[in-house]
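Naming: A, B, ... by sequence-line order, numbering from 1 per chain. What you see is a predicted model, and the numbers here were worked out from it, not measured in a lab.
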2 protein chains.
Amino acid sequence: MTPNPVSDLGSYLKDQRLQAQLSLRQAAERAGISNPYLSQIERGLKRPSAEILQAIAKGLAISAEQLYVHAGILDAPSDEDAPVDTRQAIKSDPRLSDKQRKALLDVYESYVGD
Amino acid sequence: MTPNPVSDLGSYLKDQRLQAQLSLRQAAERAGISNPYLSQIERGLKRPSAEILQAIAKGLAISAEQLYVHAGILDAPSDEDAPVDTRQAIKSDPRLSDKQRKALLDVYESYVGD
DNA sequence: GCAAAGTGCTAACTGTAGTTAGCATAATGA
DNA sequence: TCATTATGCTAACTACAGTTAGCACTTTGC
């Protein structure tokens with residue numbers, strides 16, 4: 001079921017780093033940590049502190065909350081606190097043109113199947 | 001203005017513990033950590049890992065997010081600026097995989113600029 | 001062909017988180 | 001009065017997070 005959160009954190013981080021087109025050293029420098037350490041984190045050999053995680057998240061411009069969840073440090077977003085419905089948010093977003101709104105909704109629906 | 005988050009964490013924790021009518025040892029046992037360590041945390045001598053923080057939070061039945069913010073580990077609630085934020089909705093949508101989330105965010109961001 | 005620079009990795013070290021053992025004081029109760 | 005128990009604290013240790021130095025392998029450019 002839920003994959004090991006700690007070892008999974010590594011591959012998640014690596015994924016995000018690659019998607020951001022960053023080398024290990026570049027990402028490490030952005031996060032202000034050493035590249036061997038980031039390497040060890042990505043391979044699941046070390047479990048970074050939350051401070052480090054936050055720094056990495058900032059460096060990769062991704063959500064710290066997301067990272068914490070993957071690190072098993074924060075409990076998964078409880079469905080009970082009723083996160084805003086994404087579809088609804090898109091529909092009512094004033095910053096989107098109608099065309100953009102439609103496109104974004106299409107992408108979203110293709111993902112969640114509906 | 002904003003007090004030092006790290007040293008402030010200690011007094012915040014102590015406050016919460018006293019409000020819960022727990023002795024140091026009781027709180028430590030509930031959190032599954034040693035009482036000297038909790039003592040040092042409360043006095044700002046040690047900075048606990050996020051895992052420990054989470055355990056303490058659970059023991060005191062308080063919000064882990066709250067604690068993380070006080071620990072300076074999580075940035076203060078960001079949704080103040082945009083009440084119903086599409087970006088936020090996408091980020092916290094449990095139906096999306098991380099890849100999909102990233103992709104959708106990329107599309108959205110390309111639309112609204114930011 | 002071969003420097004030069006970029007890739008990720010290993011080894012060995014340092015610092016600090018978190019431990020156990022035990023101290024001093026204050027409150028309870030026989 | 002004196003043992004007992006709970007309070008928080010200090011000291012000394014262990015484990016591991018995070019460091020620097022440097023290796024082997026590709027890729028780029030002259």
Side-chain angles (χ1 to χ4, degrees), chain A residues 4-62 64-74, chain B residues 4-62 64-74:
Chain A
N4 179 347
V6 181
S7 75
D8 189 44
L9 170 69
S11 33
Y12 174 71
L13 272 179
K14 187 166 184 179
D15 263 20
Q16 297 298 318
R17 174 172 67 79
L18 293 180
Q19 278 196 17
Q21 311 253 36
L22 291 173
S23 76
L24 197 61
R25 283 164 202 263
Q26 287 173 325
E29 191 187 10
R30 287 196 183 197
I33 66 174
S34 67
N35 74 77
Y37 189 40
L38 181 53
S39 165
Q40 288 166 328
I41 292 170
E42 283 190 351
R43 284 175 298 142
L45 300 182
K46 295 278 173 79
R47 16 196 106 173
S49 72
E51 267 121 327
I52 295 285
L53 276 185
Q54 189 183 34
I56 295 176
K58 278 199 174 134
L60 294 180
I62 59 181
E65 278 91 344
Q66 281 292 322
L67 254 192
Y68 292 164
V69 170
H70 272 270
I73 272 173
L74 212 57
Chain B
N4 179 346
V6 181
S7 73
D8 189 43
L9 170 70
S11 33
Y12 174 71
L13 272 180
K14 188 168 185 179
D15 264 18
Q16 296 297 318
R17 173 171 67 79
L18 294 179
Q19 277 195 16
Q21 311 253 35
L22 291 173
S23 77
L24 197 63
R25 282 166 203 262
Q26 287 174 325
E29 190 186 10
R30 286 196 183 197
I33 66 175
S34 67
N35 73 78
Y37 189 40
L38 181 53
S39 166
Q40 289 165 328
I41 292 170
E42 284 190 352
R43 284 175 298 141
L45 300 182
K46 294 278 173 78
R47 13 197 109 170
S49 72
E51 268 122 327
I52 296 284
L53 275 185
Q54 190 183 35
I56 296 175
K58 278 196 175 140
L60 295 180
I62 59 180
E65 278 89 346
Q66 279 292 321
L67 255 191
Y68 291 165
V69 170
H70 272 270
I73 272 173
L74 212 57

Within this structure, what is the OG-CG distance for the pair B/S49 and A/L53, rounded to the nearest 0.5 Å? 11.0 Å

When B/S23 and A/I33 are each assigned the nearest nucleotide of DNA chain D, the 5'-most assignment goes to B/S23

To the nearest angstrom, how far is B/E51 atom CD from C/dT19 atom P? 12 Å

Considering only heavy atoms of chain B and a distance under 4.0 Å, specify the first and last nucleotide of DNA chain D in 5' to 3' order that meet this criterion. D/dT7 to D/dT10

Heavy atoms of other groups near A/E29 CD, more than 12 under 6.0 Å: no

Looking at A/R17, I'd like to know whether one of its side-chain N or O atoms comes within less than 4.0 Å of OP1 or OP2 on C/dG8. yes

Taking the side chain of B/Y37 as its heavy atoms from C-beta onward, which of C/dC9, C/dG18, C/dT7 lies nearest to it? C/dG18

I need the CD1-C1' distance between A/I52 and C/dT16, as an integer number of Å. 13 Å

Least distance between heavy atoms, A/R17 atom then A/L24 atom: NH1-N, 3.2 Å

Would you kindly give the CD-to-P distance between A/Q40 and C/dC9, to the nearest whole Å? 10 Å

DNA chain C: B/P36 or B/L45, which has the more 5' nearest nucleotide? B/L45

With axes from five pairs an end, tell me the bend angle of the helix from C/dG1-D/dC30 to C/dA30-D/dT1, nearest 10°. 10°

What is the distance from CG of A/L38 to P of C/dT7, rounded to the nearest Å? 13 Å

Under the side-chain contact (heavy atoms from CB on, under 4.5 Å) rule, what do A/L60 and A/L67 come out as? Steps first, then yes or no, please. CA-CA 11 Å; A/L60 294 180; A/L67 254 192; over 6 Å; no

Residues, nucleotides or ligands: over 12 heavy atoms within 6.0 Å of B/Q40 CD: yes

Gap between atoms CD and P, on A/E42 and C/dG8 respectively (whole Å): 8 Å

Got a donor-acceptor contact below 3.5 angstrom from the A/Q54 side chain to the B/I73 backbone? yes

Applying a 4.0 Å non-hydrogen cut-off, can you work out what A/S34 is touching in the nucleic acid: base, sugar-phosphate, or nothing? base

Between P of C/dG15 and NZ of A/K46, the distance in whole Å: 16 Å

Just say parallel, tilted or perpendicular for the rings of A/Y68 and B/Y68, cut-offs at 30° and 60°. perpendicular

Where A/A28 and A/L38 come nearest, the two heavy atoms and their spacing: N-CD2, 3.6 Å

For B/R43 and C/dG18, give me the distance from atom CZ to atom P, rounded to whole Å. 16 Å

When you measure from the side chain of A/R25 to the backbone of A/N35, do you find a donor-acceptor pair of N or O atoms at a distance under 3.5 Å? no

CD of A/Q26 versus C1' of C/dT7: gap in Å, rounded? 10 Å

